[in-house]
Amino acid sequence: MKNLANLNNLELQKFFSSFDYVLSDVDGVLWNFLDTIPGTQETIKSLKKIGKKVIIVSNNTSKSINFYHHELTRAGFDVDKDEIVTPTLAIISYLKKQDLKDKEVFVLGMTPLKGSLEKAGFKLAQNEPDRIEESHSAFGAHTIPDDEKVGAVVADVDINLNYVNLQKAATYLERPEVLFVKGAADCHLPVGWNKSLIGPGYFTNILEDKTNRKGVPMAKPSPFLHEYIVEKYQIGDPSRVLFVGDSIPSDMGFAAESKYQKLLVFSGATGKNVLKEWDFPHEYKPDYYADSLKSLNDCILRTFACKL
Amino acid sequence: MRDLSSLSKVELEEFFSSFDRVLSDVDGVLWLFLESIPGTPDGIKAFKKLGKKVVFVSNNCTKTIEVYHGQLKKAGFDIEPDEIITPALAMISYLKKINFTKEIYVIGMSAIRKELQQAGFKLAETGPDQIKETLQDFAANTIITNESVGCVVADADINLNYIKLQRAATFLKDPAVIFITGATDRKLPIGLNHILVGPGYFHRILEDISGRKPYALAKPSSHLNEYIVERLKIEDKARVLFIGDSISEDMAFATTAGYKKLLVLSGLAKKEAVLDWKFPEEFKPDFYVDSLKTVHDLVEKHFGAC
């Protein structure tokens, strides 16, 4: 693990010629909640100036790509709409390959995900209501019937998730031919550093435990997301990709599985203490680390001063 | 473990004279949620004819004692309202003992709320059924501090949603806030053919996210038994027969309590579970029987009509 700031000029030149693509996480790398991390906008600009293809890869499915693009642009990040990837796109791509025919998709998820699925041509099954009558028969009536029109269940983050809809999803999944796809699946919500926020992973765990099935994961660190990215951007050699992230299990794990080069930044979920004692799988160790993405820009300026 | 119907008359006499009191589960023993089990009222009558005191012990707090009593009477069970015990009563007793006067945040349905309110407790606002899909709305509805809340009660709630659950988790961050649970089944049987996600899954989330173990007041928790022993003034636990259909809930409960155990096969547990015992050895019942109807038939056969 090398500190980016300590690389000499020769090492930096070698470093910059070792990759053509930069895949960057958002939360903890470009911004933290509502505040952008200083200098990161310049880094994106500089990377593009030196000819690197920049792709934003976020697990956040609660915003549409359009909205995400709008937010990023407003915050000063020079990215195009088709340079943003979230599990939503991978979910759509995967479902399209599965020949659902005219079967419906039952979604545990928010409006942006549902909207994107509909725009992509999928028919969404109706969700159950927010409140039902307090009786066993009402509960049964809203959760047990399966008219076999549903061909896939997509389980993603949903702040309006309720028991009835969760059980309905479980009911559909009792039929083995119904596809089971997972979007966001963290057990803790990455909102600030407040680890006591229940994440969508707890609910997808209930579905998996109850139905004895594993959902196909579409968020980092899933290989399905990697497959989607490689296909969309025609990446031939994954070692020519530099992945920048702040989370070890999510980002470094994803990059390790995908065989990308890894840059870990300490501007988000992870503190420098991990360098002293690495409590994670050995393969997750980043190739490089830095305080933030700004350090990458400092390196670019050092190496390409006259060319920018 | 012996099948009650295989006992000789002498052995049955011995069995029936080994206890004075019967504690019986309801769902799976007396009825199956929405359907009756034939002959079970006669089974209860048989115990009473033999002079046994009968009390029903159910984990189901989704009905008030009043409603439960009405339903049981209508189904033919000769029982008084004070012969029905649910975790709600144990919760009220516990909170009163510790002189609890703050507000209670309840994950539960109307019945348990009513019981707690009727007992004089103040309930905190639960949370909306639906909110706008923004981080701000989410935070405003879940990450709230409320100094008046001194207890979280987590029971079954078919209208449970993420917001209500997260709100409970937020309150539980304060170690001074008491954490009580009611029914914690992972499996919720509906009728004969369906098993749905039970409330236990959600309580487990609260335990995991808060890092706290609850003060459990439903079977198989021994705290429920503490309430029962006190309320019914049980002096000799060996003279109590506990009847249930769930091994992990009823048999476990009765084992910890030191009661005699009768497992009925009219509900959750099936014959296969008995013949191929995969549970802890100590949970094994002393006897098992098809249903309470069989108990009635045995009593009638050997000891005359009920």
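Per chain, numbering begins at 1; letters A, B, ... match sequence-line order.
Residues from residues 160-171 of chain B that place a non-hydrogen atom less than 4.5 Å from a non-hydrogen atom of chain A comprise Leu160(B), Asn161(B), Tyr162(B), Ile163(B), Lys164(B), Leu165(B), Gln166(B), Ala169(B), given in numerical order.
Side-chain atoms of Glu133(B) do not come within 3.5 Å of backbone N or O of Ile159(A) as any donor-acceptor pair. Of the possible polar contacts, none joining the Gln130(B) side chain to the Asp130(A) backbone as a donor-acceptor pair under 3.5 Å is found.
Contact annotation for Asn165(A): neither backbone nor side-chain heavy atoms come within less than 4.5 Å of a heavy atom of chain B. With a 4.5 Å cut-off on non-hydrogen atoms, Ile144(A) touches chain B through its side chain but not through its backbone. Contacts of Arg204(B) with chain A are absent, with no heavy-atom separation under 4.5 Å from either backbone or side chain. No part of Ser62(A) comes within reach of chain B, as not one of its non-hydrogen atoms sits under 4.5 angstrom from that chain. Heavy-atom distances place no part of Pro128(B) under 4.5 Å from chain A, backbone and side chain included. Only the side chain of Leu166(A) has a heavy atom closer than 4.5 Å to any heavy atom of chain B. Both the backbone and the side chain of Asp208(B) come within contact range of chain A, judged by heavy atoms closer than 4.5 Å. Looking at Glu128(A), neither its backbone nor its side chain comes within 4.5 Å of chain B, counting heavy atoms on both sides.
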Thr171(A) vs His194(B), side-chain contact (heavy atoms from CB on, under 4.5 Å): CA-CA, chis, key distance, verdict: CA-CA 10 Å; Thr171(A) 296; His194(B) 299 279; over 6 Å; no

Verify side-chain contact (heavy atoms from CB on, under 4.5 Å) between Ile143(B) and Leu197(A), making sure each step is shown before the conclusion. CA-CA 9 Å; Ile143(B) 314 171; Leu197(A) 288 190; 4.0 Å; yes

Quick one: do Asp209(A) and Tyr201(B) satisfy side-chain hydrogen bond (donor to acceptor under 3.5 Å, both in side chains)? Show the steps, please. CA-CA 10 Å; Asp209(A) 193 272; Tyr201(B) 276 111; 2.5 Å; yes

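Interatomic distance, Lys210(A) NZ to Arg186(B) CZ, rounded to the nearest 0.5 Å: 11.5 Å. Between His136(A) atom NE2 and Asp27(B) atom CG the span is 7.0 Å, to the nearest 0.5 Å. A distance of 7.5 Å separates CD1 in Ile209(B) from SG in Cys187(A), rounded to the nearest 0.5 Å. To the nearest 0.5 Å, the span separating CZ on Arg131(A) from CD1 on Ile158(B) amounts to 9.0 Å.
The local environment of CD in Glu147(B) is sparse, with at most 12 non-hydrogen atoms from other residues, nucleotides or ligands closer than 6.0 Å. The environment of CD in Glu66(B) is sparse: at most 12 heavy-atom neighbours from other residues, nucleotides or ligands sit within 6.0 Å. Sparse packing is recorded around CD of Glu125(B), with 12 or fewer heavy atoms of other residues, nucleotides or ligands lying under 6.0 Å away.
For Phe202(B) and Tyr163(A), the ring centers are positioned less than 6.0 Å apart.
Ranked by heavy-atom pairs shorter than 4.5 Å toward chain B, the options Val164(A), Thr143(A), Asn162(A) are led by Asn162(A).
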